[in-house]
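So the structure is just underneath, and the comments pick up after that.
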2 protein chains.
Amino acid sequence: MNISEFAKEAGVSVSAVSRYFNDGYLSDDKRALIEAAIERTGYVPSYSARTVRSKVTKLVGVILPKLSSESIARITEDIGEVLGEEGFELLLVNTSNDYNREISSLELFRQNRVDGVILLAGVITDLHRSLLAKMRVPTIIVGQKLKGFNCVCHNDLGAAYNMTKLMLDKGAKRPAFIGANPEDMAAGKDRRIGFEKAVLDAGLTLDPKFCEIARFSMDSGYEKAKHLFSGREKPDCLFCATDNIAAGAMLYCRENGIRIPEDLMISAVGDSRFDKVLYVSLSSVHLHYKTAGREGANMLLAEMKKTSEVHRIVQLEYDIIERESTNRIG
Amino acid sequence: MNISEFAKEAGVSVSAVSRYFNDGYLSDDKRALIEAAIERTGYVPSYSARTVRSKVTKLVGVILPKLSSESIARITEDIGEVLGEEGFELLLVNTSNDYNREISSLELFRQNRVDGVILLAGVITDLHRSLLAKMRVPTIIVGQKLKGFNCVCHNDLGAAYNMTKLMLDKGAKRPAFIGANPEDMAAGKDRRIGFEKAVLDAGLTLDPKFCEIARFSMDSGYEKAKHLFSGREKPDCLFCATDNIAAGAMLYCRENGIRIPEDLMISAVGDSRFDKVLYVSLSSVHLHYKTAGREGANMLLAEMKKTSEVHRIVQLEYDIIERESTNRIG
DNA sequence: CTGAAAGCGCTAACAA
DNA sequence: TTGTTAGCGCTTTCAG
């Protein structure tokens with residue numbers, strides 16, 4: 001059933017029906033007639049026909065690298081909540097960290113199809129940048145800071161710095177690091193810089209043998225820990241870029257009689273749900289993922305309303321959660 | 001730029017352009033002209049205008065209760081992958097276990113807007129059932145079995161039965177249970193029935209004091225474990241409906257000097273990533289979530305192609321993963 | 001294989 | 001406040 005059939009059924013004009021669904025002027029009599037007819041027929045207007053004319057899709061595209069990641073799922077959950085309240089639906093693209101899918105989704109969203117885009121990015125390349133600059137719809141980047149764009153990000157550097165410092169303050173002298181892809185400015189590079197700065201500020205030197213780069217998985221953390229402990233000299237504290245990496249490293253430690261925190265203090269970033277049930281509870285930095293999601297969604301909402309061209313970068317702070325894995329007397 | 005402006009720019013007719021984007025008959029010359037013009041102008045056809053005529057949205061609605069759940073994220077990830085290969089995008093609705101949002105999304109998807117729906121359901125009520133029966137687009141239910149509809153589900157009963165049996169075979173005599181909402185037929189009811197059947201088959205009796213119902217969270221598992229151990233008689237094995245519940249229960253045990261598996265064997269369902277890094281690695285049943293996602297997506301794809309009215313229920317089997325938490329000599 | 005033309009269902013401008 | 005009508009940008013007959 002289309003709008004004119006329905007209008008006839010209701011005994012009103014098509015414009016009355018259109019107005020009914022679009023907050024236009026309408027007398028109470030007509031309103032009642034229409035409501036009764038909806039009850040009778042179950043009529044629902046067509047979204048696409050509406051979009052053709054009005055250019056409004058009520059859809060927001062969300063591009064993310066991996067759904068089955070606790071942090072990303074949390075962010076996305078809150079994005080959906082905020083946007084849902086304003087009547088927007090989420091068009092989700094999971095790129096599985098596939099560069100090409102990221103680019104092609106950006107292409108897809110660049111023109112029509114959605115009213116706005118939220119990009120949860122890992123690695124941002126020049127191609128990303130040039131596509132982002134050409135977007136026709138408001139776009140928000142969550143999790144990375146990118147000059148000239150609207151971003152909500154975390155203080156990754158500070159988080160890494162202070163988590164590392166906490167271990168060094170407790171007397172650790174041979175700090176080790178298992179990081180993430182350095183092309184990821186936030187989780188990769190900034191967390192590494194934070195670690196390094198803390199080490200240098202403590203008057204220690206960076207040992208390149210004590211620095212590893214892992215993928216975002218437990219298995220990879222395990223492998224890198226194995227490599228870290230293969231040399232003659234052993235580290236006495238370890239900072240990992242993510243909880244998953246740390247969990248993998250801890251697994252290696254358990255299997256190889258390395259005691260935590262006695263032989264090795266260990267800490268990470270993420271404050272995952274499982275941190276406190278690990279065989280030694282894991283000290284970790286809590287980043288405000290849910291807030292990031294809400295903030296990003298609200299920023300997008302604001303952008304979609306006005307046509308302000310002022311770009312903002314919002315950086316969220318963090319909380320250090322101390323648990324057993326760093327509990328050594330200095 | 002719209003199709004007629006573009007057609008002029010390319011030097012071809014409007015229909016030629018339409019055919020280019022829809023695998024219609026087209027000579028190589030025209031094809032080349034169009035491709036060159038796309039290169040020049042960056043023209044992309046409008047999805048909504050296409051949809052108005054063709055009734056095809058290339059969108060699939062996915063309704064789920066909670067994104068930040070490892071199992072649901074895994075299922076959704078694979079749904080997206082399979083559907084993405086066929087050019088479908090995912091319209092995601094996270095209901096946060098809110099009954100009303102579930103109903104209203106079903107309403108939303110019932111008519112237009114999407115070409116198909118996948119429902120990852122927890123609790124299915126009569127209202128769900130009646131709405132599902134009225135769906136105008138193909139709909140697949142994942143995670144629950146519902147007669148008369150297309151479903152992909154797990155053998156929750158068998159999983160619970162055999163996981164429990166494994167503990168009883170090792171000599172446990174006082175089995176306890178922390179389950180989920182019994183209105184959830186799969187994770188709640190079937191897992192409970194499986195547990196109970198295993199207990200009875202072993203010649204033991206069910207002690208109602210040893211049966212608790214938790215929410216899907218660690219905290220809730222912790223609380224229920226506390227309650228379980230508050231009585232005079234203590235259980236010697238515990239089966240939990242989910243890994244999260246079990247992790248919470250383990251936390252309680254650690255804090256209260258209950259040794260696992262010596263004093264209490266414990267096991268669950270889900271095979272979460274964190275199971276093997278818990279302070280005692282957790283025996284759990286692996287359900288094939290990724291396969292469920294793929295299977296559900298393929299089923300939907302099939303339904304969207306033909307108009308077959310044959311409903312199928314696919315039940316996936318499981319793997320029992322033994323770890324330390326049940327490693328007691330019988 | 002091609003192009004003209006008639007809609008798809010709706011919104012918005014306009015006249016009443 | 002209301003109804004009429006001209007499109008929105010595309011697909012799909014239909015006649016060539």
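Values reported hereafter were calculated over all heavy atoms of this structure, with side chains retained and with hydrogens, waters and symmetry mates removed. Residue numbering restarts at 1 for every chain, and letters A, B, ... go by the order of the sequence lines.
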Check your understanding: Got a salt bridge between B:Glu77 and B:Arg74, using NZ or NE/NH1/NH2 to carboxylate O under 4.0 Å?
Key ->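 Salt bridge: no.
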Between [N] ([atom2]) and [X] ([atom1]): distance, integer Å:
X	N	atom1	atom2	value
B:Phe21	D:dC10	CZ	C1'	12 Å
B:Tyr25	C:dG3	OH	P	16 Å
A:Tyr47	D:dG9	OH	P	22 Å
B:Tyr20	D:dC10	OH	P	15 Å
B:Lys58	D:dC10	NZ	C1'	17 Å
B:Arg50	D:dC8	CZ	P	19 Å

How far does [atom1] of [X] sit from [atom2] of [Y], to the nearest 0.5 angstrom?
X	Y	atom1	atom2	answer
B:Leu83	B:Arg294	CG	CZ	10.5 Å
B:Ser71	B:Phe216	OG	CZ	8.5 Å
A:Leu64	A:Thr95	CG	OG1	7.0 Å

Which nucleotide in the set [options] lies at the smallest distance from any side-chain heavy atom of [X]?
X	options	value
B:Ile3	D:dT2, C:dT2, D:dC10	D:dC10
B:Ser46	D:dG9, C:dC1, D:dT4	D:dG9
B:Arg19	C:dT2, D:dC10, D:dT2	C:dT2
A:Ala16	D:dG3, C:dC8, D:dC10	D:dG3
B:Lys30	C:dG3, D:dG7, D:dT4	C:dG3
A:Asn2	C:dC8, C:dC10, D:dG3	C:dC10
B:Arg53	C:dG9, D:dT5, D:dG9	D:dG9

Practice item. Quick one: sort the B:His311 and B:Phe149 rings into parallel, tilted or perpendicular, breaks at 30° and 60°. Key: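 It falls in the tilted class, 30° to 60°.
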Check your understanding: Can a donor-acceptor pair under 3.5 Å be found between the side-chain atoms of A:Ser54 and the base atoms of C:dA12?
Key ->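 Answer is no: no donor-acceptor pair is held.
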Review point. Can a donor-acceptor pair under 3.5 Å be found between the side-chain atoms of A:Ser13 and the base atoms of D:dT4?
Key: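 In this structure, the two groups form no donor-acceptor pair.
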Check your understanding: For C:dG3, does OP1 or OP2 lie under 4.0 Å from any side-chain N or O of B:Ser15?
Key ->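 Answer no for this pair, as no side-chain N or O of B:Ser15 is under 4.0 Å from OP1 or OP2.
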